[in-house]
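Naming convention: chains lettered A, B, ... in sequence-line order (proteins, then strands); numbering from 1 in each chain.
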Amino acid sequence: MADVLASPPTTGPADPGAHHAGSPQPQKEAPVRRDFLKLAAGAFAAVGTGVIAWPFIHSMNPSQDVLALASTDVDLTPIAAGQAVTVMWRGKPVFVRHRTPEEIQEARAVPVTELRDPATDQSRVKPGQDEWLVVLGVCTHLGCVPLGQKPTDARGEYGGWFCPCHGSHYDTAGRIRRGPAPTNLAIPDYSFTSDTRIRVG
Amino acid sequence: MRRVFPALKAAAVAAVIALTPAASQAAGEAIHVPDTKFSFDGIFGTFDRASAQRGFQVYKEVCSACHSMRQLSYRHLTGIGLTAAQIEALASQFQVQDGPNDNGEMFERPARPSDRFRRPFANDAAARAANNGALPPDLSVMVKAREGGADYMHALLTGYADPPEGVSVMEGMYYNKYFPGHQIAMAPPINSDGQVTYADGTTATIDQMSKDVSTFLAWAAEPELEQRRAMGVRMIIFLSILGALVYAVKRKIWADVH
Amino acid sequence: MAAGHHDSDEVSDASTGVHHLHDSKVKNPVLRWIDQRMPVISMIQLEYGSFPTPRNFNYFWNFGALAMITLAIMIATGVVLSMQYAANTMLAFDSVERIMRDVNYGWLLRYAHANGASMFFIVVYIHIWRGLYYGSYKTPRELLWMLGVVLFILMMATAFMGYVLPWGQMSFWGATVITNLFSALPLVGQHIVTWLWGGFSVDNPTLNRFFSLHYLLPFVIVGVTFLHVVALHITGSNNPLGIEPKTKKDTVPFHPYYTMKDSVGIVVYLIVFAVLVFFMPNYLGHPDNYIPANPLVTPAHIVPEWYFLPFYAILRAVPDKLGGVAMMGGALVVLFFLPWLDSSPVRSMRFRPIAKWLFLLWTVNFFVLTWVGGKPAEPPYIQIAQICTAYYFAYFLVILPLLAKFERPLPLPESIAAAVLPRRGGGPLPAGATAKPMEKA
């Protein structure tokens, strides 16, 4: 460090003696202190620039009003077994599916170890509410919305959802079974506010 | 002599700045507004949370019958010290319109923290219709929108009086010492001691209520004030140190040229 | 590159074998590689490193750098603000309030941008004042000066349109009044105004186009600033003595001398800026602009932003619509002709005993115009504005041309070095240089 501090000034043209014949005598004791000052001033300026960059960057993060719009209520009564509804939450679709006993059975019959993203069916529903599956309707591959909500939709080979973009198949627990998607359909934060109502977010 | 020039520059800047209030204060016959002592006065002042909360109560129970504050949401009230649970409970007291529902109809539901303050009237025309044609202005940025700011709010609310000798007040108007033109369409909103009942035991005098609601409105207009000032102090300390360092480097560098 | 050219040297000309690479002095191999092909690093070193600069600048010479810094701050804050702003009459006011309340650091960005406009004008007014006092507009720097006037006018246009964007009462009525200036033009006036508005009043189409132009013009300003600097670096800088450097003794390299001196100015400037933004962010604004625009009610006293007040005063001084507009335009246009109106060969007012005082009077006159521009249009302010307007023009159109003929300037120093360096071997100082010999830094 001392070597660095003691090194001669690196700015060539800074020495006017070289350029300006007849200039006053250069002061010989200066370099160490000047370089320390330079370092300190430079460091301060760099830190300041870095700090002031943050408000600019942070202003592009979700604003307070965006963060506050976090919850959506869903009434479950109109959804018959085997049907599903799609609701909007944070600008994305949420799939709410009323599963039939067969679909639950099917999902639970699969050995967890065979799954790409191992998760039991129980871990993907709320306790005592086995028939209600709530997942984020966004394919974990590249963000398309999978088919399977409408009765006429292709549901893929595992009876859940099928993403038409790149052919990912999800089962009746929303778990990835085949295709390029790396993980199961995500489960949003939600809770039952009553037996027939959920609040997502 | 070398030091004269920064000073000269500062003076030049100051001169330009000093000239401008002349411009911004050009508005008409100035009515002198008495200075009220507020907790947020001065460079280091902060909002008195208790006063702001009482002020919110005054707004809620008195002003909000006519005046909207459409830039504010219930969640913003964390700024005057309410907790998330308190805000949730508070918001649910109000019914706001939402929809359309699956049948295409608008419906009322209890407000959530993310909802904007409930508006007393559906639109400006409805507000005028209910107020003899006068539109009660939105109060969100009122403190910034009036010369004198919170001092003016307090003065206006406490400035109702009988008109002086020889001054006649038009039908449906009220005399106010501090309102431009002295005739205001708003009936004295805060008109009797004990008009609201403060939970914290503060005596609700007219002056106290006016001051509290002025504090609340000042916060509503400039919720960033405390953060802004704190950041400003740090900024100026930082820049002063940087300035000293840069000046020292500059002196050193120029030393061999002089 | 193509198949079959394996043996060709990619940097040589196939037919002549001559290298067309720039002869770079840069040591770092990567930077050197770039510099050989695109000598921007050499250029920066030449123009901002070794560039010979008069050694006797005072702190007034900081203001060019300060203007550049401000332009950078304005563009940086403006770009992020525009990501949150909605250019629609129904949404604009609320979107600005959302920036103030909900966008992370939105208040900081907006206050920095709004006060940055004021700071920009403070800086540029001082920059122009310096040019006027030290005769920086005189030959050979006429074009440099004229580009500066272009920049000033572009800035005014940009600032005006920016002030409309929050869609408050002052935004709306400022836009209405200023666009109506064009209606003073004979025959085509009303058509031009309708065209500017895109409708029959200031409304949504107007707001949209103002936003578009407010985003565009700063980059035009960047371009003209570049030309301004190119022109500056052809002629070299003027200096407080107003005499050209003759020998190397008269100059110092720009870096580190003036980079450091500018840095000092920048930090001091940022402190002033910070005081405004953090402690008095609405001081230079007008409360009425926090009232949403209302096309049915004009505020009792509308005044433009402070930086337009002198020109606004000139406008109101003339009791004739077209005349007022013409005078206001003329107040700017006259600046383009200044290099030829003032034909005195002496640049710096320091050596012009009469012009100096008449110019300082012009300065005071300008402040008075600013003050009177913010006053109601009634006696005695109208009369004051008329007197001041007369002097504003008389200074340029009468006083300067006459003084060039009749004034006897003080003797000029023989060189910058002789005037500002201690007398060690520099020979006797000329009389004129003793006036203020120490203003070298």
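Contacts with chain C were tallied for Gln71(B), Met142(B), Arg146(B); Gln71(B) has the most, counting heavy-atom pairs under 4.5 Å. When each of Gly373(C), Gly106(C), Pro281(C) is checked for heavy-atom pairs under 4.5 Å with chain B, Pro281(C) comes out on top. For the set Leu239(B), Ile43(B), Leu72(B), the count of heavy-atom pairs under 4.5 angstrom toward chain C peaks at Leu239(B). Heavy-atom pairs under 4.5 Å with chain B peak, among Asp288(C), Val267(C), Asp94(C), at Asp94(C). No other option in Val275(C), Leu270(C), Asp102(C) has as many heavy-atom pairs under 4.5 Å with chain B as Asp102(C). Counting heavy-atom pairs under 4.5 Å between each of Thr259(C), Ile291(C), Leu108(C) and chain B puts Ile291(C) at the top.
Residues Ser240(B) and Ile237(B) are not in side-chain contact: their nearest non-hydrogen atoms beyond the backbone lie 4.5 Å or more apart. A heavy-atom distance below 4.5 Å is not found between the side chains of Phe47(B) and Phe38(B). Counting only heavy atoms from C-beta outward, the side chains of Arg98(C) and Val103(C) approach each other to under 4.5 Å.
Neither the backbone nor the side chain of Phe121(C) has a heavy atom closer than 4.5 Å to any heavy atom of chain B. Contacts between Leu245(B) and chain C at a heavy-atom distance below 4.5 Å are absent for every atom of the residue. At a 4.5 Å heavy-atom cutoff, Ser73(B) makes no contact with chain C through either its backbone or its side chain. Only the side chain of Pro292(C) comes within contact range of chain B, judged by heavy atoms closer than 4.5 Å.
Atom CE of Met106(B) has more than 12 heavy atoms from other residues, nucleotides or ligands within 6.0 Å.
Taking all atoms of both residues into account, the shortest heavy-atom contact from Leu90(B) to Leu77(B) is CD2-CD1, 3.4 Å. The nearest pair of heavy atoms linking Gln53(B) to Ile80(B) is NE2-O, 2.8 Å.
Qualifying ring-ring contact (aromatic ring centres under 6.0 Å, His included) partners for Tyr178(B), counting only residues two or more places apart in sequence or in other chains: none. The side-chain contact (heavy atoms from CB on, under 4.5 Å) search around Asn282(C) returns Lys144(B), Glu222(B), Tyr111(C), Tyr290(C), not counting sequence neighbours.
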Table please: side-chain donor-acceptor pairs of residues 117-129 of chain B below 3.5 Å, with sequence neighbours left out.
unit_1	atom_1	unit_2	atom_2	d
Asn123(B)	OD1	Ala125(B)	N	3.2
Asn123(B)	OD1	Ala126(B)	N	2.8
Arg128(B)	NH1	Gly133(B)	O	3.1

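Identified by a heavy-atom distance below 4.5 Å to chain C, the contributing residues of residues 224-236 of chain B are Glu224(B), Gln227(B), Arg228(B), Arg229(B), Met231(B), Gly232(B), Val233(B), Met235(B), Ile236(B), in residue-number order.
The aromatic ring centres of Phe120(C) and Tyr307(C) sit 6.0 Å or more apart.
Look at Arg75(B) and Asp115(B) and you find no salt bridge, because none of the NZ, NE, NH1 or NH2 atoms lies under 4.0 Å from a carboxylate O.
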